[in-house]
Amino acid sequence: MRTQVAIIGAGPAGLFLSHLLHLQGVDSVVVERRDRAYCEQRQRAGVVEHGVAEALRASGVGERMDREGFAHDGIELRFDRRSHRIDFPALTGRNVMIYAQTEIVKDLIARRLADGGRLLFEAEAGAIEGTETERPRVRFTHAGAEEVLECDYVAACDGFHGIGRAAMPGGAARTFEKVYPFGWLGILADVAPSCDELIYAHSDRGFALHSMRSETVSRLYLQVPADTDPRNWSDERIWDELAARFELRDSDWELKRGPITDKAVTPMRSFVTEPMRHGRLFLAGDAAHIVPPTGAKGLNLALHDVALLADALTAWHGKGDTSLLDEYSATALRRVWRAEHFSYWMTTLLHTRPDGDAFDRRLQLAHLHHIADFTAATTTLAENYTGLPRV
Ligand code: APR
Ligand code: PHB
């Protein structure tokens, strides 16, 4: 089998890359080890930056997002049991779309198949070869057969546990990592959201987040110790803890409860590998970097990476110009590190450290008050959250 760009992974990064390349007349094949249903059901975050929403629309895959997603003009920071709204358009002229990653994946798969794209599910890549030559290859197994995909370039969009990063020769890459001593217990519940905008809550009991999927489905998270087994959290315990962390003084706001349909713990880490390229192998999305979910940057970074990579591959395809490919890693890493900083900052601002003390909590509250009270600080949060146009 032969193509111009071999793409490993049908997450948002691999699918959007394949779609953008198709629009520019560049041929690709996507190999994905899971089946289609699995890829379309995986629960992930759901905040789309202003510029990323525009890029989805401009490429013709924003129609359902605009119909079924919600445009949000702000978030609420809740701390010291008081509510503080951050108004995005007033501060930045931008907003965000609330639309689940899993829905973006469904839209991209449907579009690639409608456009005749070659998307191979249950096709596991086992090796990437010849990345220092002009004819790299991806070996994969599909329907019990060993296959070879010959190509001009390989895009490893295969997530944190993929083979792309490991295919960089020893010594060629450097990694940076921070693992947090807590995770998020996330639930989906069949209940109308108790708020119109997302609530990021700081409390002495730990962080909590109220998000949403539709008018009848809520998505909520609780900070928990990293080794938490979700089976130890009954539905009642989860709702009680959420209610305690979201509690407001002097207000009759109440958290609505409903049947919990999904419960899982996500570990939290920050991770970057540099460079994001070796020879004809390019890394994009979670294959190259991980952020903790507090800033909602994972999906957005993945889509930014592949937008850059698509432009670079288009310049190579059309004009034989490889300068953008040469610049890809350095250009992508500037935004990656900006998002790494923002996600780390939001995480440390809002979570309770197991080894933290009352002094640390006072500092967090002082910082939160500063963000709520001073336009320059509020704007910094809003600029980063809605997505920086240029980094
Ligand atoms: N062969 C084929 N496919 C593979 C292989 C392999 N050896 N290894 C991994 N994959 C597939 C996975 O099954 C997965 O579907 O690669 C895909 C990677 O997708 P994601 O993990 O969704 O990564 P990415 O597209 O970079 O999207 C990043 O996902 O984890 C979230 O918060 C993150 O929102 C961000 C987004
Ligand atoms: C989500 O809706 O799942 C979500 C929203 C915001 C975040 C993280 C996750 O920061």
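Atoms within a ligand are numbered from 1 in the order they appear, just like the ligands themselves.
Scanning all protein heavy atoms for the shortest distance to atom 36 (C) of ligand 1 gives Gln101 NE2, 3.5 Å. Closest to atom 33 (C) of ligand 1 among all protein heavy atoms lies Asp286 OD2, 3.2 Å. With respect to atom 17 (C) of ligand 1, the closest heavy atom belonging to the protein is Glu32 OE1, 3.5 Å. With hydrogens left out, the protein atom closest to atom 29 (O) of ligand 1 is Arg44 NH1, 2.8 Å, a heavy atom. For atom 32 (O) of ligand 1, the nearest protein heavy atom (residue, atom name, distance) is Gly298 CA, 3.9 Å. Protein heavy atom closest to atom 19 (O) of ligand 1, with residue, atom name and distance, is Gly11 CA, 3.5 Å.
Contact analysis puts Trp184 in contact with ligand 2, with a non-hydrogen atom separation below 4.0 angstrom. Contact analysis puts Ala123 in contact with ligand 1, with a non-hydrogen atom separation below 4.0 angstrom. No heavy atom of Gln43 sits closer than 4.0 Å to any atom of ligand 2.
Ser203 places a side-chain N or O within donor-acceptor distance of the main-chain N or O of Gly206, the cut-off being under 3.5 Å.
The ligand atoms of ligand 1 that sit less than 4.0 angstrom from a heavy atom of Gly159 are 18 (C), 21 (O), 23 (O). Close contacts between ligand 1 and Gly162 involve ligand atoms 8 (N) [criterion: under 4.0 Å to a heavy atom]. Those atoms of ligand 1 with a heavy atom of Gly285 less than 4.0 angstrom away are 26 (O). Which parts of ligand 1 touch Cys157 is read off a 4.0 Å heavy-atom cut-off, strictly below it: atoms 16 (O), 17 (C), 18 (C). Ligand 2 places these atoms under 4.0 Å from at least one heavy atom of Leu198: 5 (C), 6 (C). Near Gly9, meaning under 4.0 Å from one of its heavy atoms, ligand 1 places the atoms 11 (C), 16 (O), 17 (C).
Salt bridge status for Arg137 with Glu129: present, with a side-chain N to carboxylate O gap under 4.0 Å. Ion pairing of Lys297 with Glu340 is absent here, as no side-chain N (NZ or NE/NH1/NH2) approaches a carboxylate O to less than 4.0 Å. The residues Arg36 and Glu40 are annotated as salt-bridged, a charged nitrogen and a carboxylate oxygen being separated by less than 4.0 angstrom. Electrostatic pairing of Arg118 and Asp27 counts as a salt bridge here, judged by a charged N lying under 4.0 Å from a carboxylate O. A salt bridge is absent between Asp158 and Arg33; no separation between the charged side-chain nitrogens and carboxylate oxygens falls under 4.0 Å. Between Arg245 and Asp204 there is no salt bridge, since no side-chain nitrogen of the basic residue lies less than 4.0 Å from a carboxylate oxygen of the acidic one. We find that Arg111 and Asp115 are joined by a salt bridge, their nearest charged nitrogen and carboxylate oxygen being less than 4.0 Å apart.
Contacts with ligand 2 closer than 4.0 Å are made by no heavy atom of Ile98, backbone or side chain. With a heavy-atom cut-off of 4.0 Å, Val31 touches ligand 1 through its backbone alone. Contacts of Ala296 with ligand 2, taken as heavy-atom pairs under 4.0 Å, involve both backbone and side chain. The proximity of Arg33 to ligand 1, defined as any non-hydrogen pair under 4.0 Å, involves the side chain as well as the backbone. The proximity of Arg213 to ligand 2, defined as any non-hydrogen pair under 4.0 Å, is limited to the side chain.
Geometrically, ligand 1 and Ala13 share a nitrogen or oxygen pair separated by less than 3.5 Å. Considering backbone and side-chain atoms together, Pro12 places an N or O closer than 3.5 Å to an N or O of ligand 1. Remark: ligand 2 and Tyr385 share no N or O pair separated by less than 3.5 Å (distance only, no angle test). The shortest N or O to N or O distance between Leu299 and ligand 1 is below 3.5 Å. The shortest N/O to N/O separation between Arg34 and ligand 1 does not fall below 3.5 Å. Of the polar atoms of His161, none of the N or O atoms is found under 3.5 Å from an N or O of ligand 1, judged by distance alone. Looking at ligand 1, you'll find an N or O of Ala125 within less than 3.5 Å of one of its N or O atoms. Taking any N or O of Gly295, backbone or side chain, none lies under 3.5 Å from an N or O belonging to ligand 2.
Figure legend: cation-pi geometry between Arg165 and Phe160, with NZ or CZ positioned under 6.0 Å from the six-membered ring centre and within 45° of its axis. Under the 6.0 Å distance and 45° angle rule, Arg280 counts as a cation-pi partner of Tyr153.
The distance from the CZ atom of Arg42 to the CD atom of Gln101 is 8.0 Å, given to the nearest 0.5 Å.
A heavy-atom distance below 4.5 Å is found between the side chains of Ile98 and Met212.
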Given the rule in the side chain to side chain contact (heavy atoms under 4.5 Å, CB included) test, do Asp360 and Asp357 qualify, once you have shown the distances and angles that lead to the verdict? CA-CA 5 Å; Asp360 295 312; Asp357 56 19; 3.0 Å; yes
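The aromatic rings of His210 and Phe246 are tilted relative to each other, their planes meeting at an angle between 30° and 60°.
Only one option out of Tyr180, Trp184, Phe79, Tyr221 pairs with Phe207 in a ring-ring contact (aromatic ring centres under 6.0 Å, His included); it is Trp184.
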